[in-house]
Novice: 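Take a look at this one; I'll ask things after.
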Amino acid sequence: MTTAPRSGKGLSRRNLFSLGGAAALTIAGGSSAALAGGLQGAGDVDWPGLRKALDGSLYLPGDPAYAQAALPYNSALGPRTPAAIAMVNGRTDIKRCLTRAAGHGIPIAPRSGGHSYAGYSTPDGGLVIDVSRANKITIKDDGTVQIGAGARLSEVYAALAARGRALPGGSCPSVGIAGLTLGGGIGVLSRPYGLTCDHLTSAHVVTAGGELLRADAKRNADLFWALRGGGGGQGGVVTDLTFATVAAPTVTVFSLTFPNPATPAALSAWSQWIETAPKAISSVCHINSGTATDPSARNRIVGTFVGTPSKLPPHLSTLIAAVGTDPTARTVRSYTYLGAMQHFAGQNTGREKFRAASRVLKGTLSTAQAQQVTDLMAARRGLVLLLDSLGGEVADLSPTDTAFVHRKALASVQIYTSSATGDPAVLAVQKALTPLTGPGSYVNYLNAGQNDWGSAYWGKNLTRLRKVVKKYDPDGVLDFAQNARNA
């Protein structure tokens, strides 16, 4: 979650370094390094035959559209060279891709928005099943909405708002709805409405074997459980998702910045404040690393309030009193639901360069613990911690009700840098934070270099999730480095 500068223009969280602050994410699949067989295996696939069979398009190396389509969203990952990219039109095309390419020793990866943090959705030497053309959004009179797996969040929010409806989700407008949902879906309205996956009522999935299934609470319930927080690209390819929506609310957005010396107090106070705050409030605390001219860590607290705007100021006053000093900057503004989502989305629609990892904060931070965090960040350059609040409706479900295991945590903690070579620094901070936060991590913030990823992403749900993935993909057709079957 992010906020805006005083000009009123929205900003993506990834563009906030210069302002003192810092979903996704998409369907992931396939290892970034070619699996056994790699490009040699790709030669065994009848690419001309697949191209002819598809209703959509197939891009091969040398085709005019290939180079652009092969780019991952995260430019820090460098160029990718998939054997082929299938721009599918729907379920039948997906089935054709899986049945024709499976068994040839190459990675096969579904891709929606392409935001996989580790780049798993665009594997070298593999087949990318790009579902971005399957983006139809159908809103029914009962308030439910069926969304094609390729729809981007900006499209989803605009379509829902036009009908007076809303769905909680992330802030990046080009993230695909499928990838966000499959990993859980932490967003700017999580505490009043829960995760994106909590609103999922059913989904259609083409399994690794090419079978089309409907997954809901009664049919293929084990798969439905896994689709809600297990992470993308596992067991099958989602073609569309159906959600229950809520009435579009008025959203009041707030931002507080405290003096740099107060950063430890702000972090500690925020953690205790958000733990007891009403569900109507969601918030993120930004802790930025120091600069060459000022090595002290910096802070920014932003968030949303759903309800009568006049009821928010007393809650902010409580937070300010707990910090013990007045903020140097304070903004509060109310928006429509769509206006708020556009505010957080900002204006950047192109690819971005970043490295990231995560932890999940189990509980509040004492002043001494917050000091340790800020000391850690003050010693770094070009890094930011984004503590996205959980609790509220997220915590109303049990950790085992869905594959998203972090139901009782206080916040997710994203460790982020816009440096293409910043992965070692990101992982070093992750390691240093673990004694303070706990060992959990958020599966939508995949990092290929993380050692404890299986237990971190899924905790006690790992055994069950691995069983589901193996059931629907027994031969590992959609295997990739951080697939649950490999944990």
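The model shown is predicted, which means the values in this text are computed figures rather than measured ones.
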Novice: Would you say the side-chain atoms of Arg133 and Ser57 include a donor-acceptor pair closer than 3.5 Å?
Specialist: yes
Novice: Which word best sums up how the rings of Tyr416 and Phe354 line up, parallel for under 30°, tilted for 30 to 60°, or perpendicular for over 60°?
Specialist: parallel
Novice: Any salt bridge (Lys or Arg N to Asp or Glu O under 4.0 Å) involving residues 436-454? Give me the pairs, sequence neighbours left out, ordered by first then second residue.
Specialist: Arg359-Asp452
Novice: Considering residues at least two apart in sequence or located in another chain, which fulfil the side-chain hydrogen bond (donor to acceptor under 3.5 Å, both in side chains) criterion with Ser132?
Specialist: Asp130
Novice: Who passes side-chain contact (heavy atoms from CB on, under 4.5 Å) against Arg214, sequence neighbours left out?
Specialist: Ser202, His204, Asp216, Arg219
Novice: Considering residues at least two apart in sequence or located in another chain, which fulfil the side-chain hydrogen bond (donor to acceptor under 3.5 Å, both in side chains) criterion with Asp401?
Specialist: none
Novice: Any salt bridge (Lys or Arg N to Asp or Glu O under 4.0 Å) pairs touching residues 457-469, not counting sequence neighbours?
Specialist: none
Novice: Looking at residues at least two apart in the chain, or sitting in another chain, which of them share a side-chain contact (heavy atoms from CB on, under 4.5 Å) with Ala226?
Specialist: Leu465, Val468
Novice: Could you list all the ring-ring contact (aromatic ring centres under 6.0 Å, His included) pairs where at least one residue sits in residues 391-415, not counting sequence neighbours?
Specialist: Phe404-His406
Novice: Holding to side-chain contact (heavy atoms from CB on, under 4.5 Å), I want the full list of residues that pass it with Ala420, two or more places apart in sequence or in another chain.
Specialist: Ala76, Lys353
Novice: Sort and list the pairs that fulfil salt bridge (Lys or Arg N to Asp or Glu O under 4.0 Å) and have at least one residue in residues 425-435, not counting sequence neighbours.
Specialist: none
Novice: Ignoring hydrogens, what is the shortest heavy-atom contact between Leu58 and Ala84? Give both atom names and the distance.
Specialist: CD1-CB, 3.9 Å
Novice: So, using side-chain hydrogen bond (donor to acceptor under 3.5 Å, both in side chains) as the criterion, who are the partners of Arg407 when residues are at least two apart?
Specialist: Asp198, Thr402
Novice: State which residues pass side-chain hydrogen bond (donor to acceptor under 3.5 Å, both in side chains) with Asp55; sequence neighbours excluded, sorted by chain then number.
Specialist: Arg96
Novice: Return the set of residues passing side-chain contact (heavy atoms from CB on, under 4.5 Å) with Asp142 (not counting sequence neighbours), or none when no residue passes.
Specialist: Lys140, Thr144
